[in-house]
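Heads up, the thing below is written out as C-alpha cells.
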Amino acid sequence: MKQIKGWLLATLVMGVGLGGLVITKGTGHAATTNPQTFISTMKSPVTTVANQYKLYPSVMMAQAALESAWGTSTLTTTANNYFGIKGSYNGQSVTMQTAEYDSNGQLYYTNANFRKYPNAKASMTDNATLLRNGTSYNPTVYSGTWRENTSSYSDAANALTGTYATSPTYGTSLISIIKTYSLSSLLDGSTTSSSSSSSSSSSSSSSSSSSSDTADPKPVVYDAATYFGASGTQTARLSSKYTSYRLYNHIKGTRAKVTKTAWSKVKAGQDVQVYLDMRGVKKSSTTGKKTTWYRIRFSNSSSAKKYWVYGQALTLPTVKYTKGTATVKVNSALSGNYYDHVFNSPYLAKSLGALKKLTAKSYAADSQAVKTQDGVKSTWYRIKVGKQKVWIASTEAAASPQYDYVVYSAASGTKKLSAKYSKYHLYNHVKKTHFDQQSFDWPSGSKKGTKVTVNYKGVKSAYGTTWYRLKFSGDKTNYWVDAKALD
C-alpha cells in the first residue's frame, strides 16, 4: 500500500518524498541539477502517463521535480523513485534512513523500505494510480486532481494541499514551478491549459506562452484536512441544529468543486440515527482554526452513499475521562476488540486487534472513560499492551477492574494519631477500591496525639485490615486512613 506523506521537507538538499527525507547515500541513474535538462528528460514519461490517467502533465512534472529535488535525491538516483513512495514494487525495494514526524510534530529518524522502480515511467505510473484510485479508506481523496473535475492546473495543484501533503504551501510551490518553466504551455496542450483564455496558435512564440501563464488568477489556497479512519458501525444522531449546515461530497473548502446535497434528498430529521466511518479535522488556511467533520451515511450498509457534515450537525455520545490506576482482568476467550479510542466516542475508534490476542490475564490501566450514548452508560479503560496504549470496554464478562472488597459501616467519636501515623498515607477512598485513587500529605501541624473525628469504618475482610474515614479539626475534607495510624 502506498504511504502518504505527513509533511514536506522541500528545501533540504538531499530531496524529499512521501516518506520523508532520505539521508542514505546511493548510486543509480545520472542526476542533474539543471531543471531544463530534467524537464527535457522527463517530458516523454510524464506526458504519456498523465494523459493516460487524465491528469495534468504540468502538475505531475512539478511534483516529480519538487519531490525528487530535480532528480538529485538519493532515492531517485538509487531507485528511480520520484515521489518517495514506501513499500516494494514487484518485490523490489531499497532500505534507507528517513526523517519522520510523530503525532506531536516531533522529528525522529527511522529506517524504511522504499519502492524501487525499473525506470521513471514506472514511478510516474505508480503515482498516477495513487491519484486515480485514492486510498482504501477514501478512493476519491485525490479526485480534485482529475482533469474532468478541474478547470485549470492550478485547481489540480491546490487539490494536493492537505491530501497528498499537509504543507499549506504545497500547491503554491507546484504552481510556482509550473509558471517559472512554462510547463502548462509545454506539456498540457490547448485543452488543458490554465484558466487563461489565450487563443494563441501552436506556432506562438515562447514569450506569448509566458504571457498566457502570467495571466492566471491568483491561486486559491484550500483548507487542509487530516483524516482518521474508523472501524465497525459507529453512530450519532442529527442534532436540533442540523438544518443550519449542509451535506457535502468532501469537507467544505478543502478542494475545488465541492458539491452540496440538500437535506430533503435524504431521510433526515432531528434525532435520526446516522452511521459514521471517518473523522476529518480541517484547519483553515486563513485563520488556522480547526473544526471537526464526519463522514456519514443514512444506512448501515457500507455501500450506502456517504456525505461529509460539520460536527455541530450531529449529537454525539459524551465521554468523561478520569486518570487513575487499576488492574483490569481480561477474558481473552471472548469475542471482541480493543481500540485506539473509546468505541463510538467523538474521536471515533479504529480496531487495533482482537481480545483473543491479549495473552496476559490482567493489565494495568491509567485512564477510565464513562461514555453516555442515548442515555446508556458504559465504562472503558485504557490499558498498556506492550508499548501501546489501547482502550477496552469494561463488562462483567470480558474485562473488569480488580478492586479490594470492603464492608462499610457507620462510625463516630474521636481518635488520636498514633506514634506510627507518619508511616501511612491519607486517601480519598480506601486504598485499592476506586479508580481515581489519590493520596494526600498529612496536614501541617499533625503529630502524635492529634485528635481526629471518625465518621465511617471499612473492613477489608480478605486481608483483615480496618480503615477509618476521618476529619481534622477545622477541616471539612474527609480522608481515609489505615486504622494502624490511629490509637
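Side-chain atoms are counted along with the backbone in the values below, which use heavy atoms only and exclude waters and symmetry mates.
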task = Locate the shortest heavy-atom distance separating A79 from R115; write the atom from each residue and the value.
result = CB-O, 3.7 Å
ask   = Centroid-to-centroid, Y56 to Y153, below 6.0 Å?
value = no
ask   = Any idea which heavy atoms bring I251 and A225 closest together, and the distance?
value = CD1-CB, 4.1 Å
ask   = Which is it for K350 and D340 under the salt bridge (Lys or Arg N to Asp or Glu O under 4.0 Å) test, yes or no, and what are the steps along the way?
value = CA-CA 6 Å; K350 186 174 183 179; D340 61 342; over 6 Å; no
ask   = Do the side chains of Y53 and T129 get nearer than 4.5 Å, heavy atoms only?
value = yes
task = Examine distances only and state if a side-chain atom of T161 and a backbone atom of G171 form a donor-acceptor pair shorter than 3.5 Å.
result = yes
inquiry  = If I compare all heavy atoms of D155 with all of S151, which pair ends up nearest, and what's the gap?
reply    = OD2-OG, 2.9 Å
Distance-minimising heavy-atom pair for S231 and Y339 = OG-CE2, 4.1 Å
message = Can you classify the ring geometry of Y427 versus H425 as parallel (below 30°), tilted (30 to 60°) or perpendicular (above 60°)?
response = perpendicular
query = Has the side chain of N158 got a donor or acceptor atom that lies under 3.5 Å from a matching backbone atom of Y222?
reply = no
query = Quick one: side-chain hydrogen bond (donor to acceptor under 3.5 Å, both in side chains) pairs with a partner in residues 251-270, sequence neighbours left out?
reply = N249-T259
inquiry  = L314 and side-chain contact (heavy atoms from CB on, under 4.5 Å): which single residue from T292, T235, I296 fits?
reply    = I296
inquiry  = Show the nearest heavy-atom pair for residues A326 and F435, with the distance to one decimal.
reply    = CB-CD1, 3.6 Å
message = Distance check, rounded to the nearest 0.5 Å: L247 atom CG versus W308 atom CH2?
response = 12.5 Å
inquiry  = I'd like to know whether W480 forms a side-chain contact (heavy atoms from CB on, under 4.5 Å) with Y456, so could you lay out the CA-CA distance, the side-chain angles of the two residues, the decisive distance to 0.1 Å, and finally the verdict.
reply    = CA-CA 9 Å; W480 282 94; Y456 230 73; 3.9 Å; yes
request  = State which residue, out of Y381, W391, W380, fulfils the side-chain contact (heavy atoms from CB on, under 4.5 Å) condition with S367.
outcome  = W391
task = May I ask you to check whether N113 and S88 show a side-chain donor-acceptor distance below 3.5 Å?
result = no
query = With a 4.5 Å limit on heavy-atom distance, are the side chains of K357 and V385 in contact?
reply = no
Main-chain N/O of L75 paired with T78 side-chain donor or acceptor, under 3.5 Å = no
ask   = Between L186 and Y181, is any pair of side-chain heavy atoms under 4.5 Å apart?
value = no
request  = State, with a plain yes or no, whether a side-chain heavy atom of F228 is found less than 4.5 Å away from one of L348.
outcome  = no
inquiry  = When you compare the side chain of V59 with that of L160, does any pair of heavy atoms fall below 4.5 Å?
reply    = yes
ask   = Out of curiosity, N80 CG to K116 NZ, how far, rounded to the nearest 0.5 Å?
value = 9.0 Å
Approximate separation, where rounding is to 0.5 Å, of Q52 CD and K121 NZ = 7.0 Å
ask   = Rounded to the nearest 0.5 Å, what separation is found between the CG atom of N81 and the OG1 atom of T74?
value = 12.0 Å
ask   = Would you find a donor on one side and an acceptor on the other, under 3.5 Å apart, between the side chain of R147 and the backbone of L55?
value = yes
ask   = Quick check: are there more than 12 heavy atoms from other residues, nucleotides or ligands sitting under 6.0 Å from OH of Y347?
value = no
key: Donor-acceptor pair, side chain of Q63 and main chain of L174, under 3.5 angstrom   = no
ask   = Distance only, no hydrogens: is a donor on one side chain within 3.5 Å (strictly under) of an acceptor on the other, for T287 and S284?
value = yes
ask   = What orientation do Y117 and Y89 show, parallel under 30°, tilted 30 to 60°, or perpendicular over 60°?
value = tilted
message = Checking side-chain polar atoms at under 3.5 Å, does N127 have a donor or acceptor matched by the opposite partner on T125?
response = no
inquiry  = Y363 vs V390, test: side-chain contact (heavy atoms from CB on, under 4.5 Å). Steps then yes/no.
reply    = CA-CA 11 Å; Y363 294 84; V390 304; over 6 Å; no
inquiry  = Working note: F83 + M124, criterion side-chain contact (heavy atoms from CB on, under 4.5 Å); need CA distance, chi angles, decisive distance, verdict.
reply    = CA-CA 8 Å; F83 300 94; M124 301 299 140; 3.7 Å; yes
ask   = For N300, does the CG atom have more than 12 heavy-atom neighbours from other residues, nucleotides or ligands under 6.0 Å away?
value = yes
inquiry  = If you define the side chain from C-beta out and look only at heavy atoms, does anything of Y307 sit under 4.5 Å from V266?
reply    = yes
Polar side-chain atom of Q437 near backbone of K432 as donor-acceptor pair, under 3.5 Å = yes
request  = Look at the aromatic rings of F38 and W70 and report parallel, tilted or perpendicular, splitting at 30° and 60°.
outcome  = perpendicular
Separation between NZ of K371 and OH of Y321, rounded to the nearest 0.5 Å = 9.5 Å
remark   = T76 and S68 have their tightest heavy-atom pair at OG1-CB, 3.1 Å
query = Counting distance only, does the side-chain N/O of T327 pair as donor-acceptor with the main-chain N or O of A364 below 3.5 Å?
reply = no
task = May I ask you to decide whether D271 forms a salt bridge with R237, counting only side-chain N to carboxylate O separations under 4.0 Å?
result = no
task = Output the distance between atom OG (S394) and atom CD (Q368), rounded to the nearest 0.5 Å.
result = 8.0 Å
query = Under a 4.5 Å cut-off applied to non-hydrogen side-chain atoms, are Y164 and L131 in contact?
reply = yes
task = Please check if any side-chain donor atom of D188 sits under 3.5 Å from a side-chain acceptor atom of S58, or the reverse.
result = yes
request  = Would you indicate whether the side-chain heavy atoms of V370 and T322 approach each other to under 4.5 Å?
outcome  = no
task = Would you please test Y294 and L316 for side-chain contact (heavy atoms from CB on, under 4.5 Å) and show each step?
result = CA-CA 11 Å; Y294 294 91; L316 295 153; 3.5 Å; yes
